[in-house]
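Report on the structure given below.
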Amino acid sequence: MSRLMRISIPTIRVVPQITPGPPPPTVAEAVERVVAFLAPGNVAVLTGAGVSTDSGIRAYRGVEGRYLNPNFKPMFYNDLIEDSPRGHSFRQRYWARSFIGYPRILATRPNPTHAALATLMRTSHVSQLITQNVDGLHHDALRTKDPELHSRILELHGTLHKVHCRAHHTVLRDEYQMQLALLNPYWAELEESFRRTGNKPRTNPDGDVELEGVSFDDFEVPACPECQREGKVEMVMKPEVVFFGETISQQVKDRSYEVIEQADRLLIIGTTLATYSAFRLAKHALELSRPVLLLNLGPTRADGLPQLEKMVVSSGPVLQEAARQLASSRLSEDANLREVLEGGIVTSIEDV
Ligand SMILES: [Zn+2]
């Protein structure tokens, strides 16, 4: 029986060193600093797993910067896309676990940090948002279909809400989930029974679960429907997230740098910056002499970098109040914006 599978996070993880810092600010002090930092506008924001923990999604690492799951074994990109019986059995295991875990990812809701950032995007204090999260909650928090706003979010490690084949046909994950259920009635029953009884396996941030003593041999992985229409059978299907051993596309990489270059400052929230794709963006901003403010509860890879300003605070209450102050004139006349700001809810990991 194999261990936990995990997706995304393309680079080697570094456990940050713990260095003593200044005492944490009060919420009021942190709000004052964040308001001053955001007030001039054109701020880029970079978020990580810590931003989604209030939505009941487990962070990869605890506040001490260590892995929460000692049995962590990533699934590698090359295994998942291998066009062979071995690759097929990797995909059976991946999709079976992901099939069980996905409904819970779908049930997660934006929290106050997502809501505050969505508000600040609408008021243009935040010009662009880069996230390492694959849960889609920054998009949900916008509470609009306005493509202009959604286009200002860059998902550095992709999204769980889409699936693609090797020809890059994209299928919405909701549709693929239905296909998985139709082809695998036994697994659909199992998933339902987990939901009914509340006896659910541990869900990982990437939407898969740990299942012990289960065989995946009979699990049917649906072929790409678009390839099928073209008369081909394409069985290699992969979620649109960056796996271990997979490189971020040049297009996404270029855009992430552009976001940093076009912004006047960078606010980093809820990330240890342990993955290099995120860390190098912080470094790039500092090299360009952009002010960088980092809010995180634990140590980070960027601690001690000259010119980096860090505050050890929980982002939810601070961002909510900062957004309330910065958007106050618009909030009084715009009921829709008030809905966006109040739209975040805190969910504990046990409730998801
Ligand atoms: Zn295809």
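Sequence positions, counted from 1, serve as the residue numbers for this chain. Numbering of ligands and ligand atoms starts at 1, following listing order. Below, all heavy atoms of this structure are taken into account, side chains as well, without hydrogens, waters or symmetry copies.
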| message | Is there a salt bridge (charged side-chain N to carboxylate O under 4.0 Å, His left out) between Arg33 and Glu29? Walk through the geometry before answering. | response | CA-CA 6 Å; Arg33 181 66 195 113; Glu29 284 165 349; over 6 Å; no

| said: Any N/O/S atom from His168 (main chain or side chain) under 2.8 Å of the Zn ion (ligand 1)? | reply: no

| task | Taking both backbone and side-chain atoms into account, decide whether His164 has an N/O/S atom under 2.8 Å from the Zn ion (ligand 1). | result | no

| task | Report, rounded to 10°, the angle at the Zn ion (ligand 1) between the two atoms SG (Cys165) and SG (Cys227). | result |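 If I round to 10°, I get 120°.
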
| task | Check the pair Asp264 / Arg290 against salt bridge (charged side-chain N to carboxylate O under 4.0 Å, His left out), numbers first and verdict last. | result | CA-CA 6 Å; Asp264 294 324; Arg290 305 280 198 270; 5.4 Å; no

| Sub-4.5 Å side-chain heavy-atom contact between His164 and Met237 |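 The answer is no, as the side chains (C-beta and beyond) never meet within the 4.5 Å cut-off.
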
| Which N, O or S atom name in His169 marks its closest approach to the Zn ion (ligand 1)? | ND1

| request: Could you tell me how the ring of Phe216 sits relative to the ring of Trp187: parallel (under 30°), tilted (30 to 60°) or perpendicular (over 60°)? | output: parallel

